[in-house]
Student: 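Structure below; questions to follow.
Index from 1, following the sequence. Remember, it's a predicted structure, so these values are computed and weren't measured experimentally.
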Amino acid sequence: MSRVLLTLATLSGALLATQMTASAAAGTVGSGVTSISAPVLVTVNGGQGFGDRPRNETSIAVDPTNPNTVLGSANDYIVGDSSCGVYWSRDGGRSWADSILPGHQFSVDATLPQPLPTGTGVSPQVHSRYDLSGDPGVGFDAQGNAYYVCLTANRPEDDGSIFASTALKGTFGFNRPVRIDTGFTPVLFNDKPSITVDPTVGKPSSGKVYVFYTKFLALTGTLILESQSSDQGRTFTQPRTITNLGQASASGTSAGVGPNGEVYVAYENDTKNLSGTGVSEIDVQVSRDGGASFSAPINAADDHPVSGQIQHGVGRDNSFPTLVVDSSATSPYSGRVYIAWTDAKDKHADIRFTSSTNGGASWAKPKKLNDDNPDNVAADHVFPGLAVAPDGFLAADWPIDQRDDPTKGFYHPYYTESLDGGTTFRPNVSLAPGQLSDPLNADFQGQFVGDYNGLTADNTAVHPLWVAAGLDQARDGKHEVLFTNIMPRGVTPVPVLSTLPTMSQLASSPLAYATLVAGAGLWLLTRRRRRRLPRTLAAPVERVGQLNR
């Protein structure tokens, strides 16, 4: 090793040693998680340069042809009201770039392209202006093409049109939005679209893009609709009703595709609540013919919905399900379907989980994933994410967990994982120890932190993307998007930085600053030798990048 490398390694080791005590809980945890990298701010320094604005409702996907390519999304208020934010990384999440989805910069670009894209299966209707967009979702196909879905609307809460965009492999230059459906108040509102892409290869349905959403009708009830594309998102079929729920309310669609191209969609159905029982259900519908037809709703589990505000004013909440399918033909749990949701059966919000081993025909008895004291009724747990890797590894997280400060409602994200197809789960572990979000001194007066949370996984790592409040350099209460890598298997335990250093800390600590520079230099030098930077140095390198902006 050269003298330069020895010096850099010595400096880096010095700071890591000072962090050892504070980060031990994150680096070697009882859950079996071997390494959690320091959280990286995905949205930093005001993003597009319009000042620091909130973000919420994350989703995330990893390119199956290149695990270093990561795509994320969120409601992004950087240009005024909510727009569909696009975040991408080409280095496994160490650094990020961001933009607004084309055609959705409503405070800057007030009109969608005219005429609207054709071939979408719906009659053209001119909309000269939308006020906002949101509810985004992302995905990749097996060739590495990226897909993005979101809705647009006008205040006060009318319209609700669904659009999708595609970015071909190797680019994040998403095309102008293709319209799937248009809504207008008071007749209807299209809400909460979800997207899934058939990951199989060599099957008739391979590469199909499916979009599901809820249509709320003013007089006749609620519909669940599906539209699909077989040409990489250039056109979508006429939206088709797969369920008419009458006067019941249903929302929160989440979908996945199995190893033989079978399609699953789950949602929360309030039919049972019509009689005042206080019980809803998580329903699932299945298609085994490429989305040409779907089964009748199958009750996967009874649901005790959270409603209004959860405790301590953390924000709006829901019991929307999140569904994933083990689509790998080589996984020991191939074809298994998993669902998680927030449930208030015990008078506070818990994360519940169920699974099916027979294509959704029957479902296991629900279990609770958060493992804190069952009598801890002061703590809520909200917005689960699920992910399954190609080798069958199953992960779950939830960004709001109040167990560490239930009296104030401060929260941070927790995580668990399963090595046996969801039969058992390891003990919970915090993803950001010491980084508690303050719900009452955050954006929207703590009343809105989104409606869902993103998580994805590959055979190397699990990748959470979540929202936290007040963790940027200014500690100003803004909702920022954070990312980390969880290395669950076969990695020697290493310490991680438990918090990101602030600018003032850098100014007052020559050792800290020297270590950051050393970390960047070590990364550059070892990169030339085609080595991978130890994940413990990812945050210092990112911080150096911020200093140089």
Side-chain angles (χ1 to χ4, degrees), residues 194 196-200 203-206 208 210 212 214 222-226 228 240-246 248 250-272 279-305 319-341 343 345 351-369 384 386-390 392-394 396 418-425:
S194 61
T196 190
V197 186
D198 189 324
T200 62
K203 298 183 182 299
S205 61
S206 297
K208 273 192 178 182
Y210 298 92
F212 296 87
T214 301
T222 306
L223 309 176
I224 302 296
L225 288 96
E226 175 264 349
Q228 60 182 259
R240 189 167 63 83
T241 298
I242 64 172
T243 295
N244 186 338
L245 296 165
S251 191
T253 59
S254 180
V257 179
N260 296 308
E262 60 273 35
V263 187
Y264 299 84
V265 59
Y267 49 87
E268 183 185 21
N269 182 353
D270 286 341
T271 301
K272 293 180 179 178
V279 177
S280 301
E281 60 187 41
I282 304 298
D283 279 353
V284 176
Q285 294 185 244
V286 187
S287 173
R288 305 190 187 280
D289 53 13
S293 62
F294 281 82
S295 70
I298 302 166
N299 181 6
D302 279 346
D303 162 46
H304 305 79
S319 294
F320 296 164
T322 178
L323 177 148
V324 295
V325 187
D326 190 330
S327 60
S328 173
T330 59
S331 164
Y333 310 107
S334 179
R336 194 164 293 193
V337 190
Y338 307 104
I339 299 176
W341 70 99
D343 190 282
K345 178 181 179 181
I351 306 300
R352 301 281 178 182
F353 169 88
T354 187
S355 62
S356 175
T357 60
N358 56 8
S362 62
W363 294 82
K365 180 181 178 180
K367 64 183 68 176
K368 189 175 72 169
L369 294 188
L386 282 179
V388 60
F393 184 91
L394 177 65
S418 174
L419 302 179
D420 55 11
T423 302
T424 62
F425 283 84

Student: Show your reasoning for whether side chain to side chain donor-acceptor pair (under 3.5 Å) applies to D326 and S328.
Tutor: CA-CA 6 Å; D326 190 330; S328 173; 5.0 Å; no
Student: Check whether any side-chain heavy atom of E226 lies under 4.5 Å from a side-chain heavy atom of F294, and answer yes or no.
Tutor: yes
Student: Considering non-hydrogen atoms only, spot the tightest contact between S331 and P390 and give its length.
Tutor: CB-O, 3.6 Å
Student: Does anything in residues 290-304 pair up under salt bridge (Lys or Arg N to Asp or Glu O under 4.0 Å), and if so which pairs, sequence neighbours excluded?
Tutor: K272-D302
Student: Hey, could you give me the OH/OG distance between Y333 and S355, rounded to the nearest 0.5 Å?
Tutor: 11.5 Å
Student: Could you tell me the separation between the CG atom of N269 and the OG atom of S319, rounded to the nearest 0.5 Å?
Tutor: 12.5 Å
Student: Assess the residue pair T214 and Y267 against the criterion (side chain to side chain contact (heavy atoms under 4.5 Å, CB included)); give the C-alpha distance rounded to whole Å, side-chain angles, the decisive distance to 0.1 Å, and a yes or no.
Tutor: CA-CA 9 Å; T214 301; Y267 49 87; 5.8 Å; no
Student: Going through the distances and angles, do W363 and I339 end up as a side chain to side chain contact (heavy atoms under 4.5 Å, CB included)?
Tutor: CA-CA 10 Å; W363 294 82; I339 299 176; 3.6 Å; yes
Student: Look up atom CD1 in I282 and atom OG1 in T354, then write down how far apart they are to the nearest 0.5 Å.
Tutor: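 That separation rounds to 10.0 Å.
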Student: When you compare the side chain of F212 with that of I242, does any pair of heavy atoms fall below 4.5 Å?
Tutor: yes
Student: Given side chains that start at C-beta, do those of W341 and S254 come closer than 4.5 Å, heavy atoms only?
Tutor: no
Student: Go through the steps to decide whether T322 and Y338 satisfy the test side chain to side chain contact (heavy atoms under 4.5 Å, CB included), and finish with yes or no.
Tutor: CA-CA 8 Å; T322 178; Y338 307 104; over 6 Å; no
Student: Search all heavy atoms of P259 against all heavy atoms of T200 and return the closest pair with its distance.
Tutor: O-CG2, 3.4 Å
Student: Only one of D289, N260, D198 forms a side-chain hydrogen bond (donor to acceptor under 3.5 Å, both in side chains) with S205, so which one is it?
Tutor: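 Filter result, single survivor: D198.
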Student: Taking the side chain as every heavy atom from C-beta outward, state whether S327 and V257 have any atom pair closer than 4.5 Å.
Tutor: no
Student: In sequence, state the C-alpha distance, the side-chain angles, and the governing distance for R352 and L369, and then conclude on side chain to side chain contact (heavy atoms under 4.5 Å, CB included).
Tutor: CA-CA 6 Å; R352 301 281 178 182; L369 294 188; over 6 Å; no
Student: Report the distance from atom NZ of K203 to atom CD of E262, rounding to the nearest 0.5 Å.
Tutor: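 K203 NZ to E262 CD: 9.0 Å, rounded to 0.5 Å.
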Student: Would you say NZ of K367 has more than 12 non-hydrogen atoms from neighbouring residues, nucleotides or ligands within 6.0 angstrom?
Tutor: yes
Student: Between L323 and A266, which heavy-atom pair has the shortest distance, and what is it?
Tutor: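 Smallest interatomic distance, heavy atoms only, reads CD1-CB, 3.7 Å.
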Student: If I compare all heavy atoms of A361 with all of I298, which pair ends up nearest, and what's the gap?
Tutor: O-CG2, 4.3 Å
Student: Report yes if some heavy atom in the side chain of D283 is under 4.5 Å from a heavy atom in the side chain of N299; otherwise report no.
Tutor: yes
Student: For the backbone of S293 and the side chain of S287, can you confirm whether one donor and one acceptor N or O come within less than 3.5 Å of each other?
Tutor: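 The answer is yes, because a donor-acceptor pair under 3.5 Å joins these two groups.
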Student: Find the distance between CD (Q285) and CD1 (I224) and round it off to the nearest 0.5 Å.
Tutor: 7.5 Å
Student: Measure the spacing between CG of L394 and CG of D420 and express it to the nearest 0.5 Å.
Tutor: 9.0 Å
Student: Mind listing the closest non-hydrogen atom pair of G421 and S418 along with its distance?
Tutor: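 Smallest interatomic distance, heavy atoms only, reads N-OG, 3.7 Å.
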Student: Please report the closest heavy-atom contact between A248 and T222, naming both atoms and the distance.
Tutor: O-OG1, 2.7 Å
